[in-house]
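In what follows, a single structure is set out as structure tokens and then discussed.
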Amino acid sequence: MSDAFDEDALVDRVDGDLEFLQETNAMLDEDSPALLEEIHAAIRSRDAAALVKPAHALKGMLANFCAEPAEAAARELEIMGREERLAKVAAAADRVQRETEQLRAALHQFLKAKTE
Amino acid sequence: MRILIAEDERVTRRSLQRQLGGWGHDVVAVEDGAEAWEQFQRQQFDIVVTDWDMPELDGPELTKRIRALRQTRYVYLIILTGRSEKADLVAGMESGADDFLAKPFDRDELRVRLNAGERIIRLEHTLVDLNRDLEAKVAERSAELVRSRDAVIFGLAKLAESRDHDTGQHLERICAFAGILARELIKHEPDLDEHWGRTLSTTAALHDIGKVGTPDAVLLKPGPLTEQERRIMQKHPCIGGDALLAIKERWGETPFLTTAAEITLCHHEKWDGSGYPYGLSKEQIPLAARIVALADVYDALTSKRVYKPAMPHADAVNIIEQATGSHFDPNVVAAFLAVESEFLAVARKLR
């Protein structure tokens, strides 16, 4: 069991359809790096408004995987952007990056174990 | 149900699509509000589930546009959002949304909220169907009533006419002639419409109903009338008109009764003021009566009577043309000249 996501809740959420989970997992693999890159770029240019959009989108995406730690990190980042609190934003972005990568790895491991 | 999903984030969009499709709905999923707006204008949807934050066109704006269309069929709108502030909820509902669904959507919550929407849509569809049935029934009943009314009127007119010389299908012809002239005049007069034309054509049958009050000795006299007999004969417009006005007073004014009274009272008036009973001239004479006056004269000229043979159509046309501006309204004569061949066809068909 991984801490990155709630396995039981996720399996229940997709009605046990692991094929569908593989499909959305592939979307996460494809789309999350670009969103993270957008987040880092916004932070580099100290643009709070530009940070909100990718943080919001990533949060929405992560929420589909019952991945509370990653989702919470993205939410925190989005709020920092909305409230224009950029002091600790780099650390928060790193946390989102780390949690997202951990989630992806955990999902891959989970799906591998389930489908083998 | 046909459901349109607008959600820019791919995983959520795909998850919604799968879930709703799995419940048997017919789903179209698009990735932004602008595309959703395009799809919506092209196809009919029962339910729209839209994300709030989308590039180009956001959820509340999409909702406003859909509501501004004022479609007759109701569309149930659910805004999907990660926002939970009261101000957001108020703004979303004020844009025209029916419901909110928090992201990430919970499957059971989605199901029950959608059920609520379905109930409304089904109720609305049932109402639309009921309304349509009701409208069809009303139209059917109205048509029945109009048919009955027209039958009674024609029957009464026919009954009144039965005392007169054998005039064949005189009433049928007058109605047809009035209808033909009305159709021609409608083309040039924006104030006249088909409904007016139909009323005119039906009520034209009543033009001589006052003859029920004319004594047999005068009505059926084979030879020329004396001055006194002519005065008695010339009372028939007033007898008929008074009867119709009395009906109007008793039952209230309708375009039907008004037209009938105008025709009955004034179909012997002449354009130059030399007619009877009042010696009205030009536009003082109601248009309906000016039309029936021409139809009646044409019919009298081209019909055979015990005391005279039928006049050929061309001669009758000639006489009417010569009476332009004296007996007849020049506009009505112009209409007659445009459709005189139709008069001939009716005269041949309804002898």
Side-chain angles (χ1 to χ4, degrees), chain A residues 5-6 8-36 38 49-79 81-83 100 103-104 107, chain B residues 5-25 27 29-35 49-61 78-88 91-92 100-114:
Chain A
F5 68 99
D6 182 336
D8 293 341
L10 181 59
V11 171
D12 181 55
R13 187 172 170 78
V14 298
D15 305 309
D17 186 347
L18 296 178
E19 217 169 287
F20 178 72
L21 202 52
Q22 273 172 329
E23 186 189 332
T24 50
N25 187 26
M27 290 177 184
L28 178 68
D29 286 343
E30 280 170 33
D31 295 354
S32 62
L35 290 170
L36 284 163
E38 252 187 84
L51 172 63
V52 173
K53 201 182 127 255
H56 178 81
L58 186 61
K59 179 194 76 179
M61 181 178 283
L62 294 167
N64 287 288
F65 296 97
C66 305
E68 177 53 27
E71 189 196 338
R75 183 184 303 114
E76 193 191 357
L77 196 61
E78 183 190 345
I79 292 168
R82 282 196 199 282
E83 295 176 356
T100 304
L103 170 67
R104 286 172 56 194
L107 279 169
Chain B
I5 297 170
E7 165 65 62
D8 59 336
E9 194 273 294
R10 195 146 74 116
V11 176
T12 304
R13 182 170 70 246
R14 182 72 188 92
S15 300
L16 275 170
Q17 192 181 16
R18 173 184 164 277
Q19 196 70 71
L20 298 182
W23 288 333
H25 296 294
V27 182
V30 296
E31 60 184 80
D32 64 57
E35 205 187 327
V49 180
T50 176
D51 185 23
W52 183 304
D53 296 290
M54 288 182 293
E56 287 192 57
L57 190 67
D58 66 15
E61 185 53 36
I78 301 175
I79 292 189
L80 198 61
T81 181
R83 301 185 183 204
S84 52
E85 297 290 322
K86 197 176 95 180
D88 291 332
F100 266 85
L101 189 61
K103 279 210 282 192
F105 71 87
D106 176 85
R107 189 181 42 191
D108 293 327
E109 196 182 332
L110 176 66
R111 186 171 47 77
V112 294
R113 286 184 190 270
L114 226 81

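Note on naming: letters A, B, ... go to the chains in the order of the sequence lines (proteins, then strands), and numbering restarts at 1 for each one.
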Does a side-chain heavy-atom distance below 4.5 Å link Arg107(B) with Asp12(A)? yes

What part of Arg18(B) lies closer than 4.5 angstrom to a heavy atom of chain A: side chain, backbone, both or neither? side chain

Cut-off 4.5 Å, heavy atoms of chain A, and the answer for Gln19(B) is side chain

Here the pair of heavy atoms bringing Ser15(B) nearest to Thr24(A) is OG-CG2, 4.4 Å

Nearest atoms (heavy-atom pairs only) where Phe20(A) meets Arg14(B): CE1-CG, 3.7 Å

Should we count CD of Glu30(A) as having more than 12 external heavy atoms under 6.0 Å? yes

Taking side chain as everything from C-beta outward and backbone as N, CA, C, O, which of these in Glu23(A) sits under 4.5 Å from a heavy atom of chain B? Side chain, backbone, both or neither. side chain

In terms of heavy-atom proximity below 4.5 Å to chain B, should Asn25(A) be classed as side chain, backbone, both, or neither? neither

Return the CG to CZ distance between Leu28(A) and Arg10(B), rounded to the nearest 0.5 Å. 10.0 Å

Once rounded to the nearest 0.5 Å, what's the spacing between atom CD of Glu9(B) and atom NZ of Lys59(A)? 11.0 Å

